[in-house]
Each structure stands twice: as structure tokens, then as C-alpha cells.
Number of protein chains: 2
Amino acid sequence: MNITFDMKKFIDNFENSCHKVQKKTFSKNEVITSYIEKRNQLCILISGNADLVRYDLNGNRTIVEHFSQYDAFGEVFYAVTTNNELLVEAREKCEVLFYIYDDIRNKCRSNCKFHQMLAEDLPELILSKVTDLNMRIELLTKRSIRDKLLGYFNLVSSRYLSKSFSLPFSLTDLADYLSVDRSAMMRELKLLKEDGFIDKTGNRITLLYK
Amino acid sequence: MNITFDMKKFIDNFENSCHKVQKKTFSKNEVITSYIEKRNQLCILISGNADLVRYDLNGNRTIVEHFSQYDAFGEVFYAVTTNNELLVEAREKCEVLFYIYDDIRNKCRSNCKFHQMLAEDLPELILSKVTDLNMRIELLTKRSIRDKLLGYFNLVSSRYLSKSFSLPFSLTDLADYLSVDRSAMMRELKLLKEDGFIDKTGNRITLLYK
DNA sequence: CTTTTTCTGTTGCAAAAGCAACAAATTATT
DNA sequence: AATAATTTGTTGCTTTTGCAACAGAAAAAG
């Protein structure tokens, strides 16, 4: 995520700040939080990476969002209307800060410097979430697996400023992220290679066009 | 959109407030704004309804978002990475307020009451956008046209608190909103009727399950 | 270092979705 | 009120995607 204020510096100064903020560590595959209850939680990932995953009634798994350092997540962002399970799962060892959203908006405001600063930059924080989600929607509205793949590769490519990059997750996960069948996606990857659009070795992709 | 503060009252008191805010009226099919240039615009729809529409290179049209009274939109919410055209088009006569986002965050803050109030409620405003987009993503990640239709109908149904409702747009537009082929969607609607899931007369839908 | 588990790559077949085209119905326009 | 434009409903055919199943590769666990 693209945050305009200096999250690192901000987080570094956290320790001797507000006692209401909890910092927890999770190991691989642990569930960081679930979006079932209404806790109005806002979480920030300090290290590691994690996925927001939905399991639907047909047994499909969807990676709704992928989080890396300094990304924000939590129920504040999600009006849980669905009866599907929504979990944030650690992909590797993760450190996470837990806030209560109401504390950022109200209570702590006047007395706690930490929450006050966070409140100050809250619009930017949430706004970067919005732009992220809009990019995700643009991907998902592409009509074919091919266009979804190319769209995704373009995003990653421009993020790393390089035509060549490693995918941030496994191909199995990529299929769940693009919301398509894995084997169909593998087939399309092969075709993209054959048609000279990309090169692919393991999960390293090189774009050959433009 | 679900805003927690009283947008109506807020808008009503606008007239004798800040001269930087522009109010414009658009007639049906007019382009309210385009997301090509970087103007950092934030718009609020006071009346009417409009769509954020994307036209891609394959000639597909996608309704990215649908806006009705008091919904917010504009480039602030969208990091335009794509080379596709992104337009907000009026579906009927629309009144729209135009803000510059920076004015809300910085300049006007101390002296203009209107911007000050808006800044105050900005996190809530943006947050409701986030939850909207998340619902949209949930729809788009459904694997079949049937599930997309049912998911969408559930949303509308719970919004109107009724199993029976009129669709807020035409079936042609619904297909563009769900990002599927229109004729395939029509076929699926027929099947949903035949299978006893829904009843349908024109664009009035009645849910027959649960 | 060996075993177990997960991930990758592939395929044949079935199902779903897209495309194209058209007539009928509805809605706008003059 | 007549004409034009758009939307709805339908269908045959084609293409794409999904499903199931499996073998080999790679990664994780013991």
C-alpha cells in the first residue's frame, strides 16, 4: 500500500506510547483475525505478509486481499454482510498492531499522542486502501483469465519498476486471488508463453511486450 | 452509501459557506467528470444517479460503480494506472458538488466552516466507500453468473428490506456491472426463474428462497 | 536425510460463458 | 402520433473456463 505519511517512523516511536494498542506476533498459517464479530478493529501489519481469505459454501477459496508491510486491515473496512468465513491468515511470521477504531476517532484523541497522530493521518491511510481496492476491482472486472493475468503482471511490474519480477505468492494462491480455476490459469500461462507475451521460470515472470 | 453523519443537513447548509466549492448541474448522459487528469477532485452527488464507467480496448463497457444520492466519487479515490477511459456519466439529471481534496485537508481548514466540518467527517466518508468497494469485490469474486446475480439481489434486497424490488438500472447495465455477457446473464435469469429461485417481471425481482 | 505435504504442470472431458444475430417490446425523440 | 433508438428476450454455435485426476518437483516437517 502507498501511504503518504511515514508509517515506519511512526511505528518505531510506538513502544512508549499508548497502552491500549496491542502488538502481537503470529507464526505461519495462524489466523490473525476473523471478520465475523463486530469488533471495529483496525490492524496494521508491521512485518511479514498475510492474506484476507474467504471460504464460500461451494468450497471455493478466494484471496480477497494480500497484505505486506504497513498495510492496514480489519473489520472497520468491511461491513460483514456475508455468511461466508472471512479470515486474515499469516503467510509467514507476522507482527501486527491492533487498534480499536473508536479510540482513534474519539476517546484517546486528546490525551494520547499516538492515537492523535494516527487520527490525523487516518484519511490518507483509508484513502490508500480505497485506491488499492479500486485496482483490485479493475483486475476482477477483466473478462478473461488472460486479461486478468496481464493486468496483474502490469501492476506488479510497475510496483517493482521492472519487466521482470517474482510473484509475491504461489501460483495456487494467484489463482485464488484472480478468482479463477488454477488449472485453467496454468493453461493460460502456458499460452501466454507460447504466444510470446511473457517468459516464466518458476514464479519469476518477465514481460516481453511494449 | 451508508454515511454515519447527516449528509443532508450538512449539504443543506452549504449555500452561504465556502466559495471554493462548486455546484453544477448535469443532464442525462452528460459526463460529470473523467478520471484521466490528476485533479484530486472529490465529488458528492446531491441528486440524481450516475455511473463510473470504464471502456476497455476490447470494446467492453464496465460499470465500475453506481452512485446515488450523497455518494462520493472522484479522482481522490482512484489512482489511475490504466490507459482505459474512466468516466462518470449522469444516468438522469444530476446535481454535483465539486471539492478539491487538498482544500479539505489543508488550506481551508482553519477559516472555512464547511471544509472544516467535512474534514472532521472525512474518515467516515471514506470508510463507507471502502465497505462499498469490499461488497463489490465480494460480488465480482463469485465464480458463476448465477452466484453473481444472487449475490447482487441479496444486496439490493437487504438494502430495501424487502424480498421484492426494482433493479436500480437496466438489465443491459446490470450485465456491465457484474462484468458478464448480457445474453449469458439473460439466460441465467431465465434458469433462475425456472429453478424457482426468483420471480421476475420486467426489472422487478422477487426472491423466492429462504 | 528421509518422509510427508504442498505446489506445479498437464490433460481429457463437461459445463459455463461469450459472441452474433435477430425479432419483439419498450422508451425516447421529433 | 409517428419514427427512431434502445432494451429485452431468445437461440445456435464457438470459445473459454472449470473439474477431476495424476505424476513429477519442490518445500516443509520430522
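Throughout, protein chains are lettered first and strands after them, A, B, ... in sequence-line order, and every chain is numbered starting at 1.
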S.K.: Categorize A/R182 for me: base, sugar-phosphate, or nothing, with a 4.0 angstrom heavy-atom threshold over every strand shown.
M.R.: base

S.K.: Mark yes or no for a side-chain to base donor-acceptor pair under 3.5 Å between A/S183 and D/dC19, with no hydrogen or angle criteria applied.
M.R.: yes

S.K.: Would you indicate whether the side-chain heavy atoms of A/R136 and A/Y177 approach each other to under 4.5 Å?
M.R.: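 Answer yes - side chains close enough.
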
S.K.: Whole Å only: how far is the NZ atom of A/K142 from the C1' atom of C/dG18?
M.R.: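 Whole-Å distance recorded here is 18 Å.
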
S.K.: Is A/R91 paired with A/D51 through a side-chain N to carboxylate O contact shorter than 4.0 Å?
M.R.: yes

S.K.: Side-chain contact, heavy-atom cut-off 4.5 Å: A/V130 with B/I126?
M.R.: yes

S.K.: Tell me: CZ of A/R61 to P of C/dT6, nearest whole Å?
M.R.: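 Nearest whole value for this atom pair: 12 Å.
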
S.K.: Measure up the A/Y209 and A/F197 rings against each other and bin them: parallel (under 30°), tilted (30 to 60°), perpendicular (over 60°).
M.R.: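 Perpendicular: the ring planes of A/Y209 and A/F197 meet at over 60°.
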
S.K.: Phosphate oxygens OP1/OP2 of D/dT8: is one of them under 4.0 Å from a side-chain N or O of B/T172?
M.R.: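 Yes, because at least one side-chain N or O of B/T172 sits under 4.0 Å from OP1 or OP2 of D/dT8.
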
S.K.: Select from A/S170 and A/R143 the residue whose nearest nucleotide in DNA chain C is closer to the 5' end of that strand.
M.R.: A/S170

S.K.: Do B/F26 and B/K93 come within less than 4.5 Å of each other through their side chains, counting heavy atoms only?
M.R.: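 Counting from C-beta outward, B/F26 and B/K93 never come under 4.5 Å.
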
S.K.: Please determine whether the number of non-hydrogen atoms from other residues, nucleotides or ligands lying under 6.0 Å from atom NZ of B/K200 exceeds 12.
M.R.: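 Enclosed.
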
S.K.: Can you tell me the distance, in whole Å, between the CE atom of B/M186 and the P atom of C/dA17?
M.R.: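 Rounding to the nearest Å, CE of B/M186 and P of C/dA17 are 16 Å apart.
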
S.K.: Taking atom P of D/dG18 as reference, at what distance in whole Å does atom CG of A/N60 sit?
M.R.: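 In whole Å, D/dG18 P and A/N60 CG are 9 Å from each other.
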
S.K.: Considering the options B/R61, B/R182, B/H66, which one meets the side-chain hydrogen bond (donor to acceptor under 3.5 Å, both in side chains) requirement together with B/D173?
M.R.: B/R61

S.K.: May I have the distance from B/N58 (atom CG) to C/dA20 (atom C1'), rounded to whole angstrom?
M.R.: 17 Å

S.K.: So which atom in B/F67 and which in B/K129 form the shortest heavy-atom distance, rounded to 0.1 Å?
M.R.: CE2-NZ, 3.5 Å

S.K.: Among D/dT17, C/dG18, D/dT8, which nucleotide has an atom closest to any side-chain atom of B/I145?
M.R.: C/dG18

S.K.: Walk along nucleotides 25-30 of chain C from 5' to 3' and tag each nucleotide B, S or - by protein heavy-atom contact under 4.0 Å, base first, then sugar-phosphate.
M.R.: ---S--

S.K.: Below 4.0 angstrom, which residues in residues 188-204 of chain B have at least one non-hydrogen atom near DNA chain D?
M.R.: B/K190, B/K200

S.K.: Would you kindly give the CZ-to-P distance between B/R187 and C/dA20, to the nearest whole Å?
M.R.: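 For the pair B/R187 CZ and C/dA20 P, the rounded distance is 14 Å.
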
S.K.: Do the charged groups of B/R146 and B/E188 touch, with an N to O distance under 4.0 Å?
M.R.: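 So B/R146 pairs with B/E188 through a salt bridge.
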
S.K.: Could you tell me the separation between the CG atom of A/D181 and the C1' atom of C/dG12, rounded to a whole number of Å?
M.R.: 14 Å

S.K.: Could you give the CG-to-C1' distance, from A/L167 to C/dC7, as a whole number of Å?
M.R.: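 Answer to the nearest Å: 14 Å.
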
